[in-house]
Structures are given as C-alpha cells and as structure tokens.
Amino acid sequence: MVTNSGTAAGDGRFRPLNEPSPAAVEATPRGAPKAMLWRGSYQRVVAVHDTWRIDDEWWRDEIARRYFVVELESGRRVTIFHDLVRDLWYQQTYEAPKAAAPMGRKRAG
Amino acid sequence: MDLLRLYRPAVEAVSPGHAHLDIRGLAEMAHMEDEAYLRDLQESAVNATGLPLSLAAAETVFAAHAAATVRAQGAVLVHEGQARAFLSRLPVEVLPVSPVMHQRLRLFGLERLGQVAELTLSAMQAQFGREGARAWELANGRDDARIVPKPEEVRISEEVDLPAPAALSEPLIAGTRALLQRALERGELKGHSLRRLDWRLGLESGEQLTRRCVFREPTDDPARMLFALQPKIERLQLPAAAVSVGVTLSGLCSEYGHQANLWQVGPRRYKELLEAVEQLNARVGGPQVFRIVEVQGWSRIPERQLGMVAFGP
C-alpha cells in the first residue's frame, strides 16, 4: 500500500505535459498529410521525413496513432499524428522513449 | 503590392512583376459579376500604375497563373469546372518545371498540357520523376497550392534631434537610452522581444552613420540593448558633429527570458522562494508554479512521459 503523504489532493497539483493539440490537416485518400493549417494559412507538405505507428492500451482506451514528421513549404518541420480511432489529426512534439521500465519489486509475503 | 493589399491582405509576391492574390468573395461583396469585377480590378491597377497588366482568375493558383502568362494584357476568367479544358490548349512552357524538362517534353512530342493530361500519372512519374508527377497533376487541373502572404515585418523607429551638435559619445549614449525606452513603450512591442537594433547618427555635414546590433538572445531590456551598442558608439570617429540620433527595432519574436534553475538555490533562498510561491498561489488561486517530472519516461505515448507537479512542500 502507498502511505498517505498528507499532501492535500486538489485541482491543478498535477498537470499533464505535451498534450496533443488539434491540427487542421488535409490528407490524401491514403492517409498521408498533404497540407496543414499553420499560423492562419494552409501550407503544403513538401516532404514526409519519418512516419511510424503506435498502438497501445487496447485493453482500455485504445490508442492507435500514425505519426508523421512533415516539412512544410516554409521549411518548418512539425510532428503530427492521425488518431486512427477517432479519425482526427493532432500536433505534438515527439521524443523517443527512454529505456524500458524497471522490473517490478518482489511481492511481500 | 501595396495597391493589391488595399483589395485583399492575402497577397503573395512571387517574383518581380508577378503576384498572386486571393479574391474569393470580393465580387459578391461588391455586388458585381466575377468578370466585371475582374475587369474593374485590372483597369484600376493599370490606371494607378500606368503599367501594362494581365490579370487572370481561376479556381486554382496554377490555372490563374497560366492564364495570366499566356495573355499579354487584359483580364481573363477561367470559370469553375473549366480549368482542365482551358489548360489543355496551353503550351507546356507554362508548367513551373525546369527548362530541361520543357525541352524533354517537346522531344517526346508533348506540346500542349492536354497531351500531358492524357498520359497516366505513372508514365509521367517514371519518365520525369517528381517533376513529371507535379506536371501531370497541374495539367489535370489538380493544384492544392495556397496563397502564402509574406508576413509583414514590424519595425519601430524613433528619432530625436540633439539640442546642440555633439562630438562626444556621452550625449549620444544618453539620447540613445531615451530613444530605446520610448520605443519599447510602444504598444506594438508589448509582450515581444527583439533581435535587431539599427542605430543611426545624422551629422552636420549631411552624412549619416549607421550601426547594427543583432542580439544573441532576443531581449526587451533597454539596458541590455544599450550594453551591446555602447562600445560601438564609443569607438566612433566622427568626421563632423552629430545633430540627430535614431533607432529602429525589428526582428520581433515572442517573449524570451532566462529560466534560472529554481531547484539549485540555498536553504534560505529556497524558503523565500516557497513563501513567494505560496503568496502567488493565494493571490491568483490555485497552483501557479510547476516543475517538470518524469512520469513514464519509457512510454511510447508522448503525453505520458512527463508531467508537471505543483511546486511546494
């Protein structure tokens, strides 16, 4: 059991970081991004530098995303993903995960 | 460009004498037919500039560009749904591809866009690569290009005439300090930092000396700006006394600041910091200062890797 730290729980003491933000993306029929709304104007995607997919938590709130690192016609690189469950597009900074989680502790008793 | 921007802010300067303008909805607003509006726009531009002008409007940027290219003067409207038919008659030289590709298209007997459109995409791509695929799309009236107006650069200038001609650096520095403070109080710069400072000195002889400072880190602090500029002023060898000083600030960007490391202060400062944070939270309501902690650094889901925890005991 986790001991009670005595710290009051309340709104706002923990906030998530790097939440995806909705993006307006036009895609080809095959699902590749071809234009994106960036700072008020649509910019064409001139190159897709990388793409990968993550599938996780199928046992609860399924996450299925296809990520793209795209280069816009202004030269800016942006990471976006297509939420395959909800069919929506988002923008999000992506960092490769660190090494695997530490092994769980042995159970008592 | 300035004349076109009176009609619509979305103006893209493509090259000297060539611009793209988004006019969707303007004819309706003027209660005119599209063709009449286009003719009116063309006449107004010719009257204002005195230059020969060809103007074309179409559903896509390329179709409008091609129509304006093949017509020396006047206004052309390519009606909705007719872009492909219109383009089919145009020579391949209107395609925005390399001159080498124009030559190769001719060598293959492809002289009109209609001939290019009749081929398959795979054939064009196999023979001409990415340029061929683009040419095929454009010849078929498929163009997803958008008009991308160049963002306007904000430049703030302030100038002052010196009360008396000055040959020493001290009055110039004092004048510059006052100008910087005045410029940074302008509303356009609120919440922004700046990257570039252009300083100019008007001399009695009519000459003007200029110096430029580009800041390594954007700043909105007049003291830091003057610190960077002052050595340049002090090194000046003036051929004549100075009568005016001016500054121009540009290179606006978002607010920029140094984040000191909150977690590496001594115990006394840490206690002061805690008290200050608690006071801030009480004034605003709810936690205001957070620190980033690793939550599931190994997770492939980015928003699970890190989180923010309220700073406090």
Side-chain angles (χ1 to χ4, degrees), chain A residues 5-21 26-28 33-47 52-57 61-65 67 72-76 79-81 83 90-103, chain B residues 8-12 14 20-22 24 60-62 96 121 130-131 133-134 137-138 142-152 253-254 274 277-278 280-282 284-313:
Chain A
S5 64
T7 306
D11 281 334
R13 293 207 63 85
F14 177 83
R15 290 186 190 175
L17 196 63
N18 197 16
E19 293 261 273
S21 54
E26 285 182 24
T28 64
K34 63 175 184 177
M36 179 179 172
L37 187 69
W38 182 261
R39 296 198 179 158
S41 65
Y42 264 94
Q43 291 193 25
R44 198 162 49 90
V45 170
V46 299
W52 66 95
R53 180 171 169 153
I54 63 171
D55 296 88
D56 213 332
E57 302 193 359
D61 197 7
E62 185 189 358
I63 291 174
R65 300 175 181 174
Y67 278 85
L72 304 178
E73 56 188 315
S74 61
R76 178 175 288 271
T79 304
I80 55 177
F81 70 83
D83 185 330
Y90 294 88
Q91 183 191 338
Q92 185 179 45
T93 309
Y94 188 87
E95 291 279 342
K98 293 186 176 179
M103 298 291 286
Chain B
R8 188 78 158 191
V11 177
E12 180 184 352
V14 179
H20 294 159
L21 169 68
D22 185 349
R24 283 176 293 184
T60 64
V61 174
F62 172 67
L121 171 62
R130 193 185 293 182
E131 265 192 322
R134 182 88 180 121
E137 285 176 353
L138 294 177
R142 296 185 199 178
D143 178 22
D144 52 5
R146 297 285 190 275
I147 290 176
V148 183
K150 184 181 163 189
E152 286 188 33
C253 55
S254 309
L274 273 180
V277 169
E278 290 297 320
L280 177 66
N281 294 346
V284 179
Q288 300 299 311
V289 178
F290 292 80
R291 52 183 170 153
I292 296 173
V293 295
E294 188 177 288
V295 179
Q296 293 179 350
W298 60 87
S299 174
R300 294 180 303 157
I301 304 163
E303 62 266 31
R304 302 279 171 81
Q305 293 169 353
L306 300 171
M308 294 197 292
V309 172
F311 176 70

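This one's a predicted model, so the numbers in the text were calculated from it and none came from an experiment.
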Ring centroid separation A:Y94 to A:Y67 under 6.0 Å | yes
Applying a strict 4.5 Å limit to non-hydrogen atoms, the region of A:I54 in contact with chain B is both
All side-chain hydrogen bond (donor to acceptor under 3.5 Å, both in side chains) counterparts of A:R53, not counting sequence neighbours = A:D55
Answer with yes or no whether the side chains of A:Q43 and A:S74 bring together a donor and an acceptor at under 3.5 Å.
-> yes
Do you know which of A:R44, A:Q92, A:E73 has the most heavy-atom pairs with chain B at a distance under 4.5 angstrom?
-> A:Q92
Output every pair passing salt bridge (charged side-chain N to carboxylate O under 4.0 Å, His left out) with a member in residues 301-313 of chain B, not counting sequence neighbours, ordered by first then second residue.
-> A:E57-B:R304, A:R65-B:E303
A:E19 portion near chain B, given a 4.5 angstrom heavy-atom threshold = both
Go through the atoms of A:T93 and report whether side chain, backbone, both or neither lie under 4.5 Å from a heavy atom of chain B.
-> backbone
Could you grab the distance from atom CG of B:L138 to atom CZ of B:F62, nearest 0.5 Å is fine?
-> 5.0 Å
By a 4.5 Å heavy-atom criterion (distance strictly below it), what part of B:Q296 contacts chain A: side chain, backbone, both, or neither?
-> neither
